[in-house]
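Working notes, structure below.
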Amino acid sequence: MAANLPPVLPWSGASEKLIVAADEAWITPTEASGFVETPSYQVTMQWLENLAKASPMIKLVPFGLTAEGRELRAVIATREGIDNLEQLGQSPKPTILAQAGIHAGEIDGKDAGMMLLRDIGFRGKAHLLDHANLLFIPILNADGHERISRWNRPNQRGPLHQGWRTTAQNLNLNRDYMKAQAPEMQALLRLITVSKPALYLDIHVTDGVDYQYDITYGFHGDRDSFAWSPQIAKWLDQIYRPGLDRSLKVAGHIPGPLVFALDKSDLNKGIVDVPYNPRFSTGYGDLIHLPTILVENHSLKPFRQRVLGTYILLEASLELAGKNAISLQSAMKQDRAYRPEMIGMNWSEPADTQFTMEFLGMASEEYFSPASGRNEVRWLGEPITIPQLKVHRVTQPGVQILRPRAYYLPITSREVIEVIKSHGIVMEPLKEPVTLELESYRLVNPVVAPRPNEGRQTMTTQVQAVSQKRNVPAGTLKISTDQPLGSLAMALLEPAHIDSLAAWGFFNEILQRTEYIEGYAIAPLAEKLLKENSALKAEFEARLASDPAFAKDATARLQWFYEKSPYFDQKYLQYPVWIER
C-alpha cells in the first residue's frame with residue numbers, strides 16, 4: 001500500500017545509533033529484518049523469555065488470557081529483580097507502565113520496548129532502573145496481533161505485515177475501559193490495580209492528515225483544558241512535556257501535539273482538541289488519578305523512524321519519572337485525596353474556545369478524482385509552516401454531576417457488580433437491613449441506539465430524581481464516593497454520563513414493561529378518574545389542548561391514564577441504584 005501513500009521525507013537522527021550490528025547476540029527480530037517486519041506473538045514471547053533468563057533484572061509474568069486463550073504477559077524490569085506484580089505495587093520507586101498493541105496493527109511500542117529492555121540488560125542502560133521501574137506489556141491485543149496481513153492498515157507505512165485493530169471478539173479495547181467487557185481489559189485493570197503504576201504510556205500509531213511531527217502525544221487536562229486530576233495535569237504539562245520534548249528533539253525527532261483535523265480534506269480549518277471520555281485510556285487514567293499519556297506516532301513516517309522515536313520516549317519517561325519521583329507521587333497523592341463537589345462529564349463538540357498555534361505541516365493540493373467524482377486532497381511531501389493554525393478546544397462538559405455520599409447497588413445487578421469489582425472500587429455489603437432517605441432516578445426519554453456499539457446496545461437518557469425513605473435490604477452493596485476511586489464510581493453509576501454502565505446497556509431490563517392493561521379495563525377506569533379527580537381532569541385537558549397529536553391518539557390517551565393509576569408498574573424506567581446525598 002506504500003505506493004499509494006504520500007511522498008516520505010528523508011530522515012536521519014541521533015537515535016539511529018540505538019540500532020545494533022547484525023552480529024549482535026541480542027539483536028531484536030525487527031532490527032534483524034531491517035525494520036521491515038515485526039515478530040509474531042510466539043517469536044516475541046520466546047525472545048523475551050530468553051532475555052529474562054539471561055538478565056536478573058528482567059522478569060516475564062503472566063497476567064491474563066485473551067478470548068482465544070493466548071497468555072497475556074508483561075515484563076517487569078527492576079534493579080531488585082522483582083518477579084511479581086504485587087511486590088512491584090509495593091515498591092517505593094515509581095513504576096512506568098508502557099503498553100503496546102492495544103490496537104495490534106499499531107505495534108511500534110512492542111519493538112521499541114524490546115530494544116530498550118535489551119539495552120537495560122546488556123548495553124549499559126541499567127541505570128534507568130536506579131530510580132524507577134518499568135512494567136512493559138508488549139502485546140495487549142494478542143489475538144488481533146495474530147490476525148496478521150499486509151493489507152490490514154492501508155494508511156500506515158510499515159511494518160510489512162501488521163495485526164488487526166480489534167480483538168477476536170471484534171471489540172476495540174480502547175473503548176472498553178469503563179464497561180470492561182473483554183477478558184484482555186479485565187486483565188489489564190487487575191494489573192493496574194495490583195502494580196500501582198505512576199505513569200501509563202498507551203502507545204498507538206495514528207491515521208489522518210500529513211504533517212512533519214513523527215511522535216505526537218497528549219493527555220487529559222493539559223494546558224487550559226479540564227482535568228479530573230488537576231495536579232497530575234499540571235505535572236505532565238510543566239515537567240513531563242518539556243523534558244520529553246527536549247529528549248526527542250536531541251535524538252532527531254519532531255514531537256508534536258495530538259492532531260485531529262476539523263476537516264481532513266482541509267487542514268487550514270484547524271485541529272480539534274476535545275477532552276477524552278473515560279472509555280479511552282487517557283480519560284480513564286485521568287479519572288482514576290493515574291498520569292496517562294496517549295502516544296500517536298505518525299503513520300506516514302517510516303516504521304524504523306517511529307520505533308526509534310518510541311524508544312526515546314520510553315527511555316526519557318523512565319528518566320523523568322525517576323528524577324521527579326517526589327513531585328510525581330505528590331501530585332498523584334493530592335488528586336487521590338481530591339473530592340470535588342461537582343464533576344463535569346460528556347465531552348463533545350462543538351468547541352467553546354479557540355486560539356492559534358504554529359504548526360509544522362506539509363504542503364497539499366486539491367485535485368478532481370474521477371473515482372469519487374469530487375475534489376480530493378493530495379499531500380506533496382514538502383514541509384511548510386502554518387504560522388497560525390486554529391485550535392478548536394472544548395472546555396465545557398455536557399453535564400455536571402453532584403457528588404453524592406454513596407450509591408446502593410442491589411445484589412441482583414450481578415453483571416454490574418463484577419464490572420465494578422474489576423475496577424478495584426471498594427464496595428461494602430450491608431450486614432443488616434436499614435431504612436434511609438435515598439434518592440432514586442426515573443429515566444426520562446431514554447433512547448436505545450438502533451445498532452450495537454462495541455457489542456452493547458447503548459442508551460442515552462435524562463433522569464428525574466425523587467427522594468424518599470427506602471428499606472434497604474441486607475446484602476445491598478454500599479459504594480462510598482469518599483475513596484480515591486469515588487469519581488470513577490460516579491462516572492460508572494450516573495445514567496446521564498455517556499460512559500456510564502447504564503449508557504453501555506447494563507440496565508436495559510428496566511426499559512421493558514412486563515404488565516399491561518387492556519382498553520376495556522382502562523377506559524372505564526379513566527372515566528371514573530375524570531369524574532372524581534378534578535386536578536387530574538385539569539391536567540388531562542391541558543395536555544389535550546397543548547398536544548394535538550396526543551389528542552388524536554386514543555391509545556396514547558389511555559396510556560396516560562394507565563401511568564397515573566395505581567396499576568402501573570412503578571419499576572418501569574426506575575433506575576435500580578439508590579443514591580445517598
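- At distances below 3.5 Å, not a single donor-acceptor pair connects side-chain atoms of His161 with backbone N or O atoms of Ile148.
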**Message:** Go through it in stages, so that I can follow the logic: the residues are Ile215 and Ile312, the test is side-chain contact (heavy atoms from CB on, under 4.5 Å), and I'd like the CA-CA distance, side-chain angles, deciding distance and then a yes or no.
**Reply:** CA-CA 10 Å; Ile215 307 293; Ile312 298 299; over 6 Å; no

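- Nearest heavy-atom pair across Ile384 and Gln212 is O-NE2, 2.9 Å.
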**Request:** For side-chain contact (heavy atoms from CB on, under 4.5 Å), just list the numbers for Leu294 and Tyr276, CA-CA rounded to whole Å, side-chain angles, deciding distance to a tenth of an Å, and then say yes or no.
**Result:** CA-CA 10 Å; Leu294 173 61; Tyr276 293 91; 3.5 Å; yes

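- Pairing each heavy atom of Pro452 with each of Gln457, the nearest pair is CG-OE1, 3.8 Å.
- Counting all heavy atoms, side chain and backbone alike, Ser299 lies closest to Asp207 at OG-CA, 3.9 Å.
- The backbone N or O of Pro62 sits nowhere less than 3.5 Å from a side-chain atom of Glu71 that would complete a donor-acceptor pair.
- Within the 4.5 Å cutoff, side-chain heavy atoms of Leu135 are placed close to those of Leu85.
- Atoms CD and CD, on Glu184 and Gln169 in that order, are 6.5 Å from each other to the nearest 0.5 Å.
- Looking at Arg456, its side chain does come within 3.5 Å of a backbone N or O of Gly505 through a donor-acceptor pair.
- Here the closest heavy-atom approach between residue Thr385 and residue Glu358 is recorded as CG2-CG, 3.6 Å.
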**Message:** Test ring pair (Phe, Tyr, Trp, His ring centres under 6.0 Å) on Phe359 and Tyr213; report intermediate values, then the result.
**Reply:** CA-CA 9 Å; Phe359 188 83; Tyr213 310 106; 5.3 Å; yes

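- Side-chain atoms of Asn133 do not come within 3.5 Å of backbone N or O of Thr78 as any donor-acceptor pair.
- Annotation: side chain of Glu349 is in contact with side chain of Val274 (closest heavy-atom distance under 4.5 Å).
- Thr38 places none of its side-chain heavy atoms less than 4.5 Å from the side chain of Gln162.
- Between Met345 and Pro278 there is no side-chain heavy-atom pair separated by less than 4.5 Å.
- Judged by distance alone, with hydrogens and angles left aside, the side-chain atoms of Gln186 form a donor-acceptor pair with the main-chain N or O of Ala180 at under 3.5 Å.
- Each of Asn172, Thr166, Asn141 was compared with His103 under the side-chain hydrogen bond (donor to acceptor under 3.5 Å, both in side chains) criterion, and only Asn172 meets it.
- Within the model, atoms CD1 of Ile293 and CG of Leu97 stand 12.0 Å from one another, a figure rounded to the nearest 0.5 Å.
- Looking only at atom types and distance, the side chain of Tyr240 has a donor-acceptor partner in the side chain of Ser317 under 3.5 Å away.
- Residues Phe219 and Pro291 are not in side-chain contact: their nearest non-hydrogen atoms beyond the backbone lie 4.5 Å or more apart.
- At least one donor-acceptor pair closer than 3.5 Å links the side chain of Ser195 to the backbone N or O of Leu191.
- Ala198 approaches Leu290 most closely through the heavy-atom pair C-CD1, 4.0 Å.
- Taking the six-membered ring where the residue is Trp, His253 and Trp11 present tilted rings, their angle falling between 30° and 60°.
- Here CZ of Arg175 is found 9.5 Å from OG of Ser281. Values are rounded to the nearest 0.5 Å.
- A distance-only check finds no donor-acceptor pair linking the side chain of Asp210 to the backbone of Met362 [under 3.5 Å].
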**Request:** Decide yes or no on salt bridge (charged side-chain N to carboxylate O under 4.0 Å, His left out) for Arg118 and Glu31, but give the supporting numbers first.
**Result:** CA-CA 12 Å; Arg118 180 265 318 283; Glu31 290 171 299; 3.0 Å; yes

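- Each of His423, His220, His289 was checked for a ring pair (Phe, Tyr, Trp, His ring centres under 6.0 Å) with Tyr284, and the lone residue meeting it is His423.
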**Message:** Is there a side-chain contact (heavy atoms from CB on, under 4.5 Å) between Leu318 and His131? Walk through the geometry before answering.
**Reply:** CA-CA 8 Å; Leu318 276 167; His131 304 292; over 6 Å; no

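- Annotation: the span from Glu146 atom CD to Ile139 atom CD1 amounts to 6.5 Å, rounded to 0.5 Å.
- The distance from atom CG of Leu48 to atom OG1 of Thr28, rounded to the nearest 0.5 Å, is 10.5 Å.
- Using modelled atom types and a 3.5 Å distance limit, the side chains of Tyr217 and Asp245 yield a donor-acceptor pair.
- Nearest approach of Asp499 to Asn277, heavy atoms of both residues: OD2-CB, 3.3 Å.
- Not one N or O on the side chain of Lys179 forms a donor-acceptor pair closer than 3.5 Å with the backbone of Phe506.
- A donor-acceptor distance shorter than 3.5 angstrom exists from the side chain of Ser33 to the backbone of Thr30, with no hydrogens or angles considered.
- For His298, the ring-ring contact (aromatic ring centres under 6.0 Å, His included) partners two or more places apart in sequence, or in a different chain, are Tyr211.
- A side-chain contact (heavy atoms from CB on, under 4.5 Å) with Leu389 is found for exactly one of Thr356, Val259, Leu360, Ile271, namely Ile271.
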**Message:** Go through it in stages, so that I can follow the logic: the residues are Thr66 and Asp143, the test is side chain to side chain donor-acceptor pair (under 3.5 Å), and I'd like the CA-CA distance, side-chain angles, deciding distance and then a yes or no.
**Reply:** CA-CA 7 Å; Thr66 69; Asp143 293 345; 2.7 Å; yes

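- A donor-acceptor pair under 3.5 Å is formed between the side chain of Arg306 and the backbone N or O of Lys301.
- Under a 4.0 Å N-O distance rule, the pair Glu376/Arg378 does not qualify as a salt bridge.
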**Request:** Let me see the working for Leu51 and Leu60 under side-chain contact (heavy atoms from CB on, under 4.5 Å), right down to the final yes or no.
**Result:** CA-CA 9 Å; Leu51 189 72; Leu60 193 59; over 6 Å; no

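- Heavy atoms from other residues, nucleotides or ligands lying under 6.0 Å from CD of Glu86 number more than 12.
- When side chains are defined from C-beta on, Leu199 does not count as touching Leu320, because their heavy atoms never get closer than 4.5 Å.
- Taking 4.5 Å as the limit, every side-chain heavy atom of Trp504 sits out of range of all side-chain heavy atoms of Gln181.
- Here the options are Asp111, Asp119, Asp108, the test is side-chain hydrogen bond (donor to acceptor under 3.5 Å, both in side chains), and the partner is Tyr311; only Asp119 passes.
- With respect to Glu24 and Arg123, a salt bridge is recorded, a charged nitrogen being found less than 4.0 Å from a carboxylate O.
- Counting heavy atoms from C-beta on, the side chains of Asp83 and Ile76 never come closer than 4.5 Å.
- Atom NZ of Lys390 has 12 or fewer heavy atoms from other residues, nucleotides or ligands within 6.0 Å.
- Atom OG of Ser229 is separated from atom CG of Leu236 by 9.5 Å, given to the nearest 0.5 angstrom.
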